[in-house]
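Read the structure below first, then the notes.
Start at 1 with the first residue, then count along the sequence.
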Amino acid sequence: MTDPLDILFEDLLDHLDENLPSACWPLCQQESRLENALLASLTPEQVELLEAYQAAAWRHTKQEERFLFRSGFRLARELSLLPGGLLRL
């Protein structure tokens with residue numbers, strides 16, 4: 001059985017582009033332009049190495065994001081259990 005928080009996290013990732021603030025788009029476009037320029041300057045072997053690096057970096061980033069996502073829910077739960085309920089869920 002899949003953890004409900006994992007399901008929420010995966011759904012968030014699936015729809016991330018739809019929910020990003022508009023301020024993120026110029027940064028995404030700049031990153032894309034820079035990546036394309038870098039790829040154009042690399043040999044096929046270097047491209048393969050870069051792609052392996054990017055895949056590893058994405059796995060690492062996803063683990064960090066999953067941790068932060070779960071930590072946020074854990075904190076909200078703890079706040080809701082405090083006397084006086086600082087946060088009502």
Check whether any side-chain heavy atom of D14 sits under 4.5 Å from a side-chain heavy atom of F9, and report yes or no.
no

Atom pair CG (N19) and SG (C24), whose distance is rounded to the nearest 0.5 Å:
11.0 Å

Looking only at atom types and distance, does a side-chain atom of N36 sit under 3.5 Å from a main-chain N or O of S32, one as donor and one as acceptor?
yes

Whether over 12 other heavy atoms sit under 6.0 Å from E64 CD:
yes

How many angstroms lie between atom CD of E78 and atom CZ of F73, to the nearest 0.5 angstrom?
14.0 Å

Compare all side-chain heavy atoms of L27 with those of Q30 and state whether any distance is below 4.5 angstrom.
yes

Using the rule that Ile, Leu, Val, Met, Phe, Trp and Tyr join whenever any side-chain heavy atoms are under 4.5 Å apart, tell me whether L42 and L49 fall into a single cluster.
no

Between D6 and R70, is any pair of side-chain heavy atoms under 4.5 Å apart?
yes

Locate the shortest heavy-atom distance separating W25 from D17; write the atom from each residue and the value.
CZ2-O, 3.3 Å

So CG of L39 and CD of E51: to nearest 0.5 Å the spacing works out to 7.0 Å

So CD of E35 and SG of C28: to nearest 0.5 Å the spacing works out to 11.5 Å

Between T43 and Q46, is there a side-chain donor-acceptor contact under 3.5 Å, judged purely by atom types and distance?
yes

Side-chain contact, heavy-atom cut-off 4.5 Å: L16 with L20?
yes

Rounded distance [0.5 Å steps], CZ in R66 versus CG in L68:
12.0 Å

Check: E18/H15 side-chain N/O donor and acceptor closer than 3.5 Å
yes

Count the heavy atoms of every other residue, nucleotide or ligand shown that sit under 6.0 Å from CD of E10, and state whether that count exceeds 12.
yes

Measuring from atom CD of Q63 to atom CH2 of W58, what distance do you get when rounded to the nearest 0.5 angstrom?
11.5 Å

How far apart are the C-alpha atoms of L13 and F69, what are their side-chain angles, what is the distance that settles it, and do they pass the side chain to side chain contact (heavy atoms under 4.5 Å, CB included) test?
CA-CA 11 Å; L13 287 182; F69 181 79; over 6 Å; no

